[in-house]
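Below you'll find the structure, written out as structure tokens, and then a few comments.
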Amino acid sequence: MKRVVVGLSGGVDSSVAAYLLQQQGYEVIGLFMKNWHDDSVTISNECPWLEDSNDALLVAEKLGIPFQTVDLSEEYKEKIVDYMFNEYEKGRTPNPDVLCNREIKFDVFMKIALSLGADFVATGHYCQKSEIEVNGQTVFQLKAGADTNKDQSYFLCQLSQEQLSKSLFPIGELTKPEVREIAGQMDLITAEKKDSQGLCFIGKVRLPDFLQQKLQPKVGVIIQIDKDDPIYNLEKKVGLSFEEDVKLEAEKISYTPEMGKIVGKHQGAHYFTIGQRKGLNVGGTTDPLFIIATNVETNTIYTGLTSQHPGLFKKALRIEKEEVHWIRKDLALAKGETMQVMARIRYRQPLQSATLHQFENGMFVAFDEPQSAITEGQFAAWYVGDELIGSGVIS
């Protein structure tokens, strides 16, 4: 009988995952990860992790499976929280959920599970896993969840073959309503529970408050750039090689304060991200202002009017050579190779048609259509059909 450790989060998805595995004849153990101690930055007074671990315990009791809590807050602080602060300090916008899966759930947590004699680790992610044979080797595929509304494959875009080989996603072929229905039939306490928001496991955190603990506020100016600024109408240079051309498409525009007018002040460029609209508190503009660039060195924020401002759009992005990650190593591109894919630059974004170009010193993702708010530090993930085959950090 195969043993599976389920990461019970106290939510409906992982509860139903545990129940389904039990039905499939696995020996199931429930484990709740505690990843956060510091209550000074959580919003609600009720302590979300206490409530969640309690719900997880009640689900385990209902199903009659062993349950324990593991405290991973040390590792979480070191691998996720410190990393986030470092990234924000550099003016980048990290994705803690993608990292949490790679570094915590499918690494630290997985090692604990395997030490308990588990054959697999299971989570309540909406994604699917299958296997094929390539040159006599078993290769694992990570596929989108059947519920297109809920597909969470993007959050697992940094997993390896090794991690996938030991993972199970029991609810991947179900839709959210079906999952809730099963929980209801089983009379699980989590059946009606709302989906959790906020950082992976930290609970409801106000990001600016959280960042302010480490990153000191410092006043800077908000500058508005006109959509007709000549910087957007630069002539295409003739005679460029293809590589130089793509590089140009991916390049950041260098804004200077002289290019626009001062429209307000902010508390620190490192609290803000490209494409952001809320939190600027600049009044009196005809349309909403969107952030088109931040500069943490000069502590300046550049903005433009409306979501269609040309400063928000780019046709290509770059991924550093060492940041290119292939789930399907057998499909990895060699130097000079290209591949047609569907890609996304953030969770919930509809897939976009794109071409990967692998050059000597990195990879470029060139989109058919210009993309809004390509953000450094976030992950680009690429798919063939419904299979996620690789990803990388946008540089």
Legend entry - Partners passing side-chain hydrogen bond (donor to acceptor under 3.5 Å, both in side chains) against R277 (at least two apart in sequence or in another chain): none
Inset, instruction - Give a yes or no answer on whether the side chain of E323 reaches the backbone of E320 with a donor-acceptor pair at less than 3.5 Å. - result: no
Legend entry - side-chain contact (heavy atoms from CB on, under 4.5 Å) between I112 and L31, intermediate numbers included: CA-CA 10 Å; I112 292 171; L31 227 53; 4.0 Å; yes
Legend entry - Main-chain N/O of Y126 paired to Q152 side chain as donor or acceptor, under 3.5 Å: yes
Legend entry - Minimal non-hydrogen separation, V16 against A183, with atom names: CG2-CB, 3.8 Å
Inset, instruction - Could you check D151 against R344 for salt bridge (Lys or Arg N to Asp or Glu O under 4.0 Å), going step by step and ending with a plain yes or no? - result: CA-CA 13 Å; D151 167 38; R344 57 167 53 106; 3.6 Å; yes
Inset, instruction - Quick one: pull up OG in S372 and CD in Q349 and give me the separation to the nearest 0.5 Å. - result: 9.0 Å
Inset, instruction - Could you verify whether a donor N or O on one side chain and an acceptor N or O on the other, from Q352 and Q371, lie under 3.5 Å apart? - result: yes
Legend entry - Residues R180, D195: salt bridge by 4.0 Å N-O rule: yes
Inset, instruction - Please round to the nearest 0.5 Å and tell me the distance separating atom CZ of F155 and atom OG1 of T123. - result: 12.5 Å
Inset, instruction - Check the hydrophobic clustering (I, L, V, M, F, W, Y; side-chain heavy atoms under 4.5 Å; chains of links allowed) and say if Y255 and L280 are grouped together. - result: no
Legend entry - Q224 and T303: CA distance, side-chain angles, deciding distance, side chain to side chain donor-acceptor pair (under 3.5 Å) verdict: CA-CA 5 Å; Q224 184 187 334; T303 61; 5.4 Å; no
Inset, instruction - Drop me the distance from K77's NZ to L72's CG, to the nearest 0.5 angstrom. - result: 15.0 Å
Legend entry - Verify same cluster id: L305, M259 (apolar side-chain graph, 4.5 Å): no
Legend entry - Hydrophobic cluster membership, M33 vs F169, 4.5 Å side-chain cutoff: yes
Inset, instruction - Mind listing the closest non-hydrogen atom pair of A118 and V5 along with its distance? - result: CB-CG2, 3.7 Å
Legend entry - Criterion side-chain contact (heavy atoms from CB on, under 4.5 Å) against R318, the qualifying member of N361, V365, I394, I374: N361
Inset, instruction - Could you tell me whether the side chain of Q22 and the main chain of A18 form a donor-acceptor pair under 3.5 Å? - result: no
Legend entry - Side chain proximity check, I104 to N35, heavy atoms < 4.5 angstrom: yes
Legend entry - Minimum side-chain heavy-atom gap S353-F367 below 4.5 Å: no
Inset, instruction - Could you label the plane-to-plane angle of the Y26 and F120 rings as parallel, tilted or perpendicular, counting under 30° as parallel and over 60° as perpendicular? - result: perpendicular
Legend entry - Short side-chain to backbone donor-acceptor contact, S160 and Q163, under 3.5 Å: yes
Legend entry - Side chain proximity check, V121 to L168, heavy atoms < 4.5 angstrom: no
Inset, instruction - Could you tell me which residues satisfy side chain to side chain contact (heavy atoms under 4.5 Å, CB included) with N281, sequence neighbours excluded, listed by chain and number? - result: none
Legend entry - Flag, side chain of K214 to backbone of F85, donor-acceptor distance under 3.5 Å: no
Legend entry - L156 side, atom CG; K105 side, atom NZ - distance, nearest 0.5 Å: 8.0 Å
Legend entry - Minimum side-chain heavy-atom gap Y88-Y83 below 4.5 Å: no
Inset, instruction - Could you tell me whether E360 and K335 have a side-chain N and a carboxylate O separated by less than 4.0 Å? - result: yes
If you look only at distance, which donor and acceptor atoms sit under 3.5 Å apart when one is on a side chain in residues 140-149 and the other is two or more places apart or in another chain?
| unit_1 | atom_1 | unit_2 | atom_2 | d |
| --- | --- | --- | --- | --- |
| Q141 | OE1 | S130 | OG | 2.9 |
| Q141 | NE2 | E387 | OE1 | 2.8 |
| D147 | OD1 | N149 | N | 3.0 |
| D147 | OD1 | K150 | N | 3.4 |
| D147 | OD2 | K176 | N | 2.8 |

Inset, instruction - State which residues pass side chain to side chain contact (heavy atoms under 4.5 Å, CB included) with A60; sequence neighbours excluded, sorted by chain then number. - result: L8, I65, F67
Legend entry - Shortest non-hydrogen separation from A56 to F32 and the atoms involved: CB-CD1, 4.1 Å
Inset, instruction - Tell me whether the centres of the aromatic rings in F242 and H357 are closer together than 6.0 Å. - result: yes
Inset, instruction - Could you verify whether a donor N or O on one side chain and an acceptor N or O on the other, from T375 and T273, lie under 3.5 Å apart? - result: no
Legend entry - Main-chain N/O of L356 paired with T338 side-chain donor or acceptor, under 3.5 Å: no
Inset, instruction - Could you check if a side-chain atom of L20 sits within less than 4.5 angstrom of a side-chain atom of L174, using non-hydrogen atoms only? - result: yes
Legend entry - Student check: side-chain heavy atoms of F109 and V70 closer than 4.5 Å: yes
Inset, instruction - Report yes or no: do T306 and Q308 form a side-chain donor-acceptor pair below 3.5 Å? - result: no
Legend entry - Residue pair M110 / S167: nearest heavy atoms and the distance that separates them: CE-OG, 3.6 Å
Inset, instruction - Could you tell me whether the side chain of Y76 reaches within less than 4.5 Å of the side chain of V81, counting heavy atoms only? - result: yes
Inset, instruction - Establish, yes or no, whether a centroid distance under 6.0 Å links the rings of H309 and Y302. - result: no
Legend entry - Heavy-atom closest contact (A343 atom, A354 atom, distance): CB-CB, 4.3 Å
Legend entry - D107 with R102: basic N within carboxylate O range, under 4.0 Å: no
Legend entry - Gap between atom NE2 of H266 and atom NZ of K218 - 0.5 Å precision: 9.5 Å
Inset, instruction - Sequence neighbours left out, what passes side-chain hydrogen bond (donor to acceptor under 3.5 Å, both in side chains) with E251? Give chain and number order. - result: none
Legend entry - Residues which pass salt bridge (Lys or Arg N to Asp or Glu O under 4.0 Å) with E103, listed by chain and number, not counting sequence neighbours: K79
Inset, instruction - Check whether any side-chain heavy atom of I319 lies under 4.5 Å from a side-chain heavy atom of F364, and answer yes or no. - result: no
Legend entry - Main-chain N/O of Q137 paired with N135 side-chain donor or acceptor, under 3.5 Å: no
Legend entry - Ring geometry between H125 and F106 (parallel below 30°, tilted from 30 to 60°, perpendicular above 60°): tilted
Legend entry - I327 reachable from Y347 in the ILVMFWY side-chain graph, under 4.5 Å edges: yes
Legend entry - ILVMFWY network linking L331 to V139, side-chain heavy atoms under 4.5 angstrom: no
Legend entry - Donor-acceptor pair, side chain of H325 and main chain of Q158, under 3.5 angstrom: yes
Legend entry - E337 side-chain N/O to A334 backbone N/O, donor-acceptor pair under 3.5 Å: yes
Legend entry - Which atom of C157 lies closest to which atom of V98, heavy atoms considered: SG-CG1, 3.9 Å
Inset, instruction - Look at K90 together with E376 and state whether they make a salt bridge at an N to O cut-off of under 4.0 Å. - result: no
Legend entry - Approximate separation, where rounding is to 0.5 Å, of I301 CD1 and Q267 CD: 10.0 Å
Inset, instruction - State whether D119 and K166 are salt-bridged, where the test is any N-O pair (Lys NZ or Arg NE/NH1/NH2 against Asp/Glu carboxylate O) under 4.0 Å. - result: no
Inset, instruction - Report yes or no: does K129 contribute a side-chain atom to a donor-acceptor pair with the main-chain N or O of L164 at less than 3.5 Å? - result: yes
